[in-house]
Enquirer: 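First the structure, which I've put down as structure tokens, then a few questions once you've had a look.
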There are 2 protein chains.
Amino acid sequence: MRRMTARPANAHQARLLRLLRDGGPSSRAQLGDQVDLSRSKLAVEVDRLLETELVVADGLAASRGGRRSHNIRLNPHLRFLGVDIGATSVDVAVTNAELEILGHINQPMDVREGPVAVFEQVLSMAAKLKASGLAEGFDGAGIGVPGPVRFPEGIPVAPPIMPGWDGFPVREALSQDLGCPVMVDNDVNLMAMGEQHAGVARTVGDFLCVKIGTGIGCGIVVGGEVYRGTTGSAGDIGHIQAVPDGRPCACGNRGCLEAHFSGAALARDATEAAQQQLSAELASRLESNGTLSAVDVAAAAAAGDATALDLIREGGNRTGQVIAGLVSFFNPGLVVIGGGVTGLGHTLLAAIRTQVYRGSLPLATGNLPIVLGELGPTAGVIGGARLISDHLFSPA
Amino acid sequence: MRRMTARPANAHQARLLRLLRDGGPSSRAQLGDQVDLSRSKLAVEVDRLLETELVVADGLAASRGGRRSHNIRLNPHLRFLGVDIGATSVDVAVTNAELEILGHINQPMDVREGPVAVFEQVLSMAAKLKASGLAEGFDGAGIGVPGPVRFPEGIPVAPPIMPGWDGFPVREALSQDLGCPVMVDNDVNLMAMGEQHAGVARTVGDFLCVKIGTGIGCGIVVGGEVYRGTTGSAGDIGHIQAVPDGRPCACGNRGCLEAHFSGAALARDATEAAQQQLSAELASRLESNGTLSAVDVAAAAAAGDATALDLIREGGNRTGQVIAGLVSFFNPGLVVIGGGVTGLGHTLLAAIRTQVYRGSLPLATGNLPIVLGELGPTAGVIGGARLISDHLFSPA
DNA sequence: CACCCTTTGTCCTGTGAGTGGAAAAAGTAG
DNA sequence: CTACTTTTTCCACTCACAGGACAAAGGGTG
């Protein structure tokens, strides 16, 4: 099948496409209930969408008491690619136009190898998904990278953990290689969009999405839209000072949140504790694995190891203090915690909640849920699909 | 003259009214250059606005090389009232429809006397402005109060420094008394709107406006619009922890920014220093006045008093650290410092800048101006006029 | 002053978007 | 089969708006 190239011709069509994306197949009548257009106008626009093959007829809907309606759905052959590039691994997934994941691959990887090597791997993963029959091609791709991005151009800017990526034209290069439109954003923003589309944040307009992985970042959603800041670095909370005169950080300052709690910091602290024989559990894991990671700490904590629990609590407290400040400032309707360390589970969440509920005023915290993300490792790729679909489902 | 009751009938008219407000009297041709409407359509809408008397003809414009155009301006009889209620004083001003201040009164006051007493005073101040011939009545009023507001209803919610105001229907009550539409907002948001309209932030879409007065607050502007948060308490940065285990704060926590630096904290610290004879300058001022305020500290600092300078630097450092965190998080295009303590001037600003430029990453600070507000005590009242004019100059 | 060019304001008509009513088509309930 | 719903199509009508033609009003030049 040839790829879709059509785009909605006006705001009405864009609106309809998004309704079909978010609500699944619907009848014309159901659509009419949601858009405030006359029946005639609606019929015209739907017919035009059918002509472009962006949507297709899909059998009869159930009766609502009278004549049965013809269902409409987004073209089931549409395929989006979601790519979530982390510091040490990459996720690639294919979705249909309703952003349901049809196939998902995760592979270890090192961003420091540079954009050329990484995209070679990404392309081969995409090819693998194609080969398994999930897609014949892609209609669009959304890419997340672990650093700030000049959003309109899709170019990383001064990313601290991605030397060699600065200024690399990710959007243009991938668009060439994949032969479809591409959008690039910070991985944290993608996670926020994922949780907004299919996760815990479906009903909230203003929320924060804190991702704790190798580093720490925060997606900011204002009125349903991701806020990226003046230079694309909004949400970069890893280098907020959490501990006065604390540990030295790679950025040159001391006491950055990221230096005290993150996947990397946790691994380092756990290794230290194991070497000092503070924890038999961690020491034995270090011996058998050679190294320790956040996963080991999580396992040790689950086994009841006091040192591991302390590390998590301590980190959660630091993180919670910073989040408390952000909550006072931003007054969100929801705080989502996600990323690799969510495996630390309730211990971490409890520590964060304690600090936020204690450190912010009741008016801001009174009705503020602080929850773990629902989507785990799929949040990023769903967010990627969402990003590109938002782009494609807007007037040309 | 009877008050204006008309409102723009559509988005085009609203757009034109705002252009006339922000750009002053213009010719039809100049308006046409800015709005992308056909000449015919523009003429129709302008004629309708003339019919409603929202705008009036205003002589001939200078020639641009051909036939001279007729000037159009907002009705010069329109009057807006801007009210900025602080903790210890209140500002009331009348503006014309272009938001130019025609008259401005400041009086000492105590918010703790409650809404009834305060509004009695405000109404008498408004009456005084009327009596001086500046206005025959008001077409709208924008009110700023020093605490969080449920914006759509214009009702303060749980304001810490305004006991007795919680739940008081400010908007409705004042609308009755003044006989015109009223909008109510946090005083900090009003200051931000003022600086955006007529001050340093005219060209910036995303910025922060930090107001340091009796307390500390921060106006947040996203894409040109004030962001108020889920419960209207966004920007409440006074109770972010600035010093671990620091001074006890009225809110029950320790180390809040507001407990370490604000008009109130500064007065307290200065008094303490004077009593301990750390500063002859401050001590002599304490003796002659009976009390010390931020103004005394400013004067002492200007006279070169080391203790006063230290107090300011110390406070500026604390504030700067908190702002550094907000800059990392929000990545604004500008930070404006305003409020009562701007009298502390360059010493304060230098301390804040040092902390922000050191404590945030270069990508966020690289092109980030940190400046004092331009409008001083008029920012709030101009913001109030702007608030209500935005409301009135939008489609009914 | 005559002449030409530019800008501004007005008038008028064509076009296309959109509305809402009528009626046909396709059901359900009894 | 009949009465009532809901869905869909068709059509005439309204309205916003663009854009051209033209008149009015100015400036510059010889």
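Predicted, not measured: the structure shown is a model, and the values here were computed from it. Throughout, protein chains are lettered first and strands after them, A, B, ... in sequence-line order, and every chain is numbered starting at 1.
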Enquirer: Scan A:Ser40 against the nucleic acid and name what it touches under 4.0 Å (heavy atoms): base, sugar-phosphate only, or nothing.
Expert: base
Enquirer: Using whole Å, what does the distance between atom C1' of nucleotide C:dC5 and atom CZ of B:Arg64 come to?
Expert: 16 Å
Enquirer: Measure CZ/B:Arg68 against C1'/D:dA25 and give the value in whole Å, please.
Expert: 10 Å
Enquirer: Would you say the base of C:dT8 and the side-chain of B:Arg67 have a donor-acceptor pair closer than 3.5 Å?
Expert: yes
Enquirer: Using the side chain to side chain contact (heavy atoms under 4.5 Å, CB included) definition, which of the options B:Asn75, B:Val44, B:Leu54 pairs with B:Leu49?
Expert: B:Leu54
Enquirer: Let me know the distance between CG of A:Leu42 and C1' of D:dT7, rounded to the nearest Å.
Expert: 12 Å
Enquirer: Looking at A:Tyr227 versus B:Tyr227, is the centre-to-centre ring distance below 6.0 Å?
Expert: no
Enquirer: Go through C:dG9, C:dT19, D:dT8 for me and flag the one nearest to the B:His70 side chain.
Expert: C:dG9
Enquirer: If I take atom CG in residue A:Leu37 and atom C1' in nucleotide C:dA17, what distance separates them, rounded to the nearest angstrom?
Expert: 11 Å
Enquirer: Between A:Arg39 and C:dG20, is there a side-chain N or O to OP1/OP2 distance below 4.0 Å?
Expert: no
Enquirer: Report the C-alpha distance between B:Thr231 and A:Asn331 in whole Å, list the side-chain angles of each, state the deciding distance to 0.1 Å, and finish with yes or no for side-chain hydrogen bond (donor to acceptor under 3.5 Å, both in side chains).
Expert: CA-CA 7 Å; B:Thr231 58; A:Asn331 188 18; 3.0 Å; yes
Enquirer: Using a heavy-atom cut-off of under 4.0 Å over every strand shown, decide if B:Ala43 touches base, sugar-phosphate, or nothing.
Expert: nothing
Enquirer: From NE2 of B:His12 over to C1' of D:dA18, roughly how many Å is that when rounded to an integer?
Expert: 12 Å
Enquirer: Return the value, rounded to whole Å, for the distance between atom CG of B:Leu50 and atom P of C:dG9.
Expert: 12 Å
Enquirer: Could you state the CD-C1' distance from B:Glu45 to D:dA18, rounded to the nearest angstrom?
Expert: 14 Å
Enquirer: Atom CD of B:Gln30 and atom P of C:dT7: how far apart are they, to the nearest Å?
Expert: 14 Å
Enquirer: Just checking B:Ser69: base, sugar-phosphate only, or nothing, at a heavy-atom cut-off of under 4.0 Å?
Expert: sugar-phosphate
Enquirer: If you pin A:Asp36 and B:Asp47 to their nearest nucleotides in DNA chain C, which one's is more 5'?
Expert: B:Asp47
Enquirer: Would you call A:Arg28-A:Asp47 a salt bridge at under 4.0 Å N-O?
Expert: yes
Enquirer: Below the 4.0 Å mark, does D:dG26 have OP1 or OP2 next to a side-chain nitrogen or oxygen of B:Ser63?
Expert: no
Enquirer: Could you check whether A:Arg150 pairs with A:Glu153 (Lys NZ or Arg NE/NH1/NH2 to Asp/Glu carboxylate O, under 4.0 Å)?
Expert: yes
